[in-house]
Every structure is written in structure tokens, then in C-alpha cells.
Protein chains: 2
Amino acid sequence: MKIAELEQRLREQGLKLTRPRQAVLEVLSRSGSRLSPAEIHRQGRRSYRRLGLVTVYRTLALLEEMGLVQRVHTETGCHSFAGVRSPEGHHHQLICKDCGRVEEFSDCASEQLLAKLQKETGFAVEDHRLEVIGCCPKCQ
Amino acid sequence: MKIAELEQRLREQGLKLTRPRQAVLEVLSRSGSRLSPAEIHRQGRRSYRRLGLVTVYRTLALLEEMGLVQRVHTETGCHSFAGVRSPEGHHHQLICKDCGRVEEFSDCASEQLLAKLQKETGFAVEDHRLEVIGCCPKCQ
DNA sequence: TCGTTATTGAAAACGATTTTCAGTTAATTA
DNA sequence: TAATTAACTGAAAATCGTTTTCAATAACGA
Ligand SMILES: [Mn+2]
Ligand SMILES: [Mn+2]
Ligand SMILES: [Zn+2]
Ligand SMILES: [Zn+2]
């Protein structure tokens with residue numbers, strides 16, 4: 001998502017558009033990869049030197065809540081975040097295991113599967129999370 | 001998986017069948033839910049009082065490597081683990097968001113999707129992770 | 001039973017994330 | 001523009017899950 005659009009979203013929520021937040025938004029808007037909070041902090045400090053890591057965490061929490069950023073579950077260990085391209089509806093991620101590049105896709109064709117699961121197990125299916133891991137063209 | 005089968009698997013790997021490990025295996029074998037390491041520790045101490053949390057972590061790492069236990073990525077925060085029912089092939093989980101009960105399924109019908117993704121993005125797709133979240137019959 | 005070696009648990013270390021809190025800043029108002 | 005104020009911030013400390021260290025122990029084969 002473009003940075004202007006992200007800023008607009010924040011304003012709509014009545015949130016202040018502070019320099020630290022702008023720095024985080026800029027990083028997320030520019031990058032097409034999943035980034036750890038620490039990495040976002042490092043990059044964000046290029047445009048706003050005094051940016052604190054705490055604020056990165058707080059801003060990410062905010063953006064995740066608003067659906068503007070998506071958490072990436074690496075196989076083991078900690079989480080990274082990736083800015084979403086299209087904030088409407090749900091979508092999934094195709095992640096390069098080498099460089100972290102993220103492609104977003106929305107057509108996960110799981111309607112049938114979910115219906116079947118619901119029928120067979122009696123579970124009321126509410127949500128699902130799909131992550132596809134691969135190797136991007138550049139890294140191959 | 002039955003505890004005897006789990007024990008057999010350990011032996012096949014030339015691993016010692018210690019009381020701490022037996023305690024962990026028993027918990028995982030008995031439970032149909034995702035459990036945090038701390039919870040496994042608590043329950044495991046019922047059959048072996050001196051069980052250490054460190055050993056729980058170590059045993060889980062071992063079992064995960066052997067494909068006998070699967071990591072569950074909760075939306076935010078830390079990871080839980082669930083013993084697998086059928087250790088062959090890959091499968092996915094249907095998780096009750098209330099009680100943590102886990103149902104396993106293997107037919108995720110994503111062959112087409114993955115092929116399409118690969119074609120459209122140029123990524124070499126290598127793996128995928130699917131978690132379905134819902135509410136089990138008992139919790140509804 | 002004995003000896004070897006993997007395994008264990010307590011404690012400490014570690015690293016990521018969260019909380020606290022006093023100072024700052026963005027946005028609103030005069 | 002200047003004053004006001006509540007939201008926001010960053011440093012430091014606290015917290016929490018996980019890993020490492022290391023001396024002691026226990027499994028298992030001889
Ligand atoms: Mn995760
Ligand atoms: Mn699958
Ligand atoms: Zn790549
Ligand atoms: Zn349930």
C-alpha cells in the first residue's frame with residue numbers, strides 16, 4: 001500500500017500522524033518483504049533517527065488490528081510483519097524462504113474444503129490461515 | 001498416536017527411553033488438544049514429578065524433528081504443540097479456538113492452487129502451512 | 001553388575017516483547 | 001500564531017518464553 005493511503009487510514013481512525021509512525025509506515029510501504037520489528041526499527045531510523053523500538057511494536061500492533069499489516073509465522077522462532085497490498089477481504093502470503101519477499105494472493109480456493117471439514121467434524125469453521133513457502137525467481 | 005508406538009519410534013532412532021521422555025509422550029498421546037510447553041510440563045509432572053521444563057522443550061524439539069508432534073501457530077504470541085495422529089505424509093490442523101482441541105486432516109486440496117501460484121509468480125513452491133480455526137461441537 | 005554415554009534439571013543467560021513513567025508533540029482552540 | 005491538552009513517545013526496567021551451561025544422573029549394552 002502507498003504511504004499516503006496508509007496515512008489516510010490512520011487519520012480516519014482519529015490517530016495522530018506522528019513522525020515515528022510515518023517512519024514505520026514508510027518502511028512497510030516501501031518493502032515487499034517480511035520484516036522483523038528490529039529490522040523495521042533499523043530501517044525506520046534512516047528517516048527518523050530518534051525512532052524507538054517500542055514505538056515500532058506499538059505501531060505494528062495498531063496496523064495489525066487495522067488489517068494493514070500481516071503477521072508472518074516463520075517455521076520456528078519469532079514473527080515478522082509484511083504490509084498488505086489490498087486491505088479489503090482476506091488473503092494469504094507466498095513467502096520466499098531466502099529473501100523474505102512476500103506475494104499476496106486472495107484466491108485460496110478453500111471454500112469446499114472448509115465446508116467439508118465443517119460437515120465431517122461438526123466444528124463451526126471461523127477462520128483459516130494459509131502460508132505458502134517457496135523460492136522467488138531472483139533467489140532461484 | 002498411542003504411547004507404545006511413540007516409544008517404538010524413539011527406540012528406532014537409538015534414543016534412550018527415559019522417564020522424563022515417557023512422561024512427555026504420555027501427555028501428548030493422551031491429549032487431543034494443542035498444549036503449551038508449560039502445560040505439558042505441568043501435566044507431565046503428574047506421572048514424573050521431577051520432570052524439568054527444559055526437558056519438555058528438548059523432547060518437543062526431538063519429536064517435532066521426527067514429525068511426531070506439530071507446532072501450532074496461534075494468532076499472536078507463543079507456540080503450542082499437538083501430537084500428530086498419522087505421522088506419514090503432511091497434514092493440517094483444525095483447531096478449536098476455545099478449548100484448543102485439534103482435528104487433523106490431510107486432504108487440503110491445494111495442488112491446483114499451488115500450481116497456479118507457481119505459474120503466476122515464478123516462485124518455486126516448496127511447502128505450505130494451513131491452519132483452520134473454529135469452534136468444536138462441545139464448545140458451541 | 002559395571003562402564004560408557006546420552007540425558008537430565010537447576011541455574012543462569014538470552015532475546016523478544018511489554019510495561020512504566022516522565023517528558024514531548026500533534027492537533028485543536030482561542 | 002500561541003496556548004492547551006490528550007495522545008504519543010523513548011529509555012529503562014520488567015517480564016516472559018526459550019536456550020545454554022554444566023555437574024550429576026540414569027539408561028542400556030557388555
Ligand atoms: Mn507463530
Ligand atoms: Mn496441504
Ligand atoms: Zn527470494
Ligand atoms: Zn472446543
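In what follows, every heavy atom counts, from backbone to side chain, and hydrogens, waters and symmetry copies are set aside. Lettering follows sequence order; numbering is per chain, from 1.
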Using a 3.5 Å cut-off and no angle test, enumerate the donor-acceptor pairs between side-chain atoms of residues 43-50 of chain B and protein atoms at least two apart in sequence or in another chain.
from: Gln43(B); atom 1: NE2; to: Glu39(B); atom 2: OE2; distance (Å): 2.7
from: Arg45(B); atom 1: NH1; to: Arg49(B); atom 2: O; distance (Å): 3.3
from: Ser47(B); atom 1: OG; to: Gly44(B); atom 2: O; distance (Å): 3.2

Pair Asp127(A) + Lys97(B): basic N to acidic O under 4.0 Å: no

What is the distance, to the nearest angstrom, from the CD atom on Glu12(B) to the C1' atom on dC28(D)? 17 Å

Angle separating the five-pair end axes of the helix from dT1(C)-dA30(D) to dA30(C)-dT1(D), nearest 10°, is 40°

Rounding to a whole Å, what distance do you find between Leu10(B):CG and dA6(C):P? 16 Å

5' to 3', nucleotides 19-24 of chain D under a 4.0 Å protein heavy-atom cut-off (B base, S sugar-phosphate only, - none) gives BBB---

Do any pairs count as a ring-ring contact (aromatic ring centres under 6.0 Å, His included) and have a residue in residues 85-119 of chain B, sequence neighbours left out, and if so which ones? His90(B)-His92(B), His90(B)-His128(B), His92(B)-Phe105(B), His92(B)-His128(B)

Rounded to the nearest angstrom, tell me the gap between atom CZ in Arg21(B) and atom C1' in dC28(D). 13 Å

Distance in angstrom units between His79(B) NE2 and dA16(C) P, rounded: 14 Å

Using atom CD1 of Ile40(B) as one end and atom C1' of dG17(D) as the other, report the distance to the nearest whole Å. 14 Å

Kindly assign one of parallel, tilted or perpendicular to the pair His73(A) and His73(B), based on the angle between their ring planes and the thresholds 30° and 60°. perpendicular

May I ask you to check whether over 12 heavy atoms, not counting those of Glu12(B), lie within 6.0 Å of atom CD? yes

So, do Leu10(B) and Met66(B) sit near enough that their side-chain heavy atoms are less than 4.5 Å apart? yes

Going 5' to 3' through nucleotides 23-30 of chain C and flagging B where a protein heavy-atom sits under 4.0 Å of the base, S where only the sugar-phosphate is that close, and - otherwise, we get --SBS---

Heavy-atom side-chain contact between Gln13(A) and Leu62(A) under 4.5 Å: no

Check the distance between dA10(C)'s C1' and Arg45(B)'s CZ and give it to me in whole angstrom. 12 Å

Atom-pair distance (CD on Glu64(A); P on dT18(C)), nearest Å: 10 Å

Pick the closest DNA chain C nucleotide for Leu51(B) and for Ala38(A) by heavy atoms, then say which residue is nearer the 5' end. Leu51(B)

Which one of Ser31(B), Pro137(B), Cys139(B) satisfies the side chain to side chain contact (heavy atoms under 4.5 Å, CB included) criterion with Arg101(B)? Pro137(B)

Go through the steps to decide whether Gln22(A) and Arg19(A) satisfy the test side chain to side chain donor-acceptor pair (under 3.5 Å), and finish with yes or no. CA-CA 5 Å; Gln22(A) 287 175 326; Arg19(A) 291 191 60 194; 5.5 Å; no

Using atom NE2 of His41(A) as one end and atom C1' of dA16(C) as the other, report the distance to the nearest whole Å. 14 Å

Under a 4.0 Å threshold between the charged nitrogen and the carboxylate oxygen, would Arg85(A) count as salt-bridged to Glu5(A)? no

Pairs where residues 9-45 of chain B contributes a residue and the test ring-ring contact (aromatic ring centres under 6.0 Å, His included) is met, not counting sequence neighbours: none

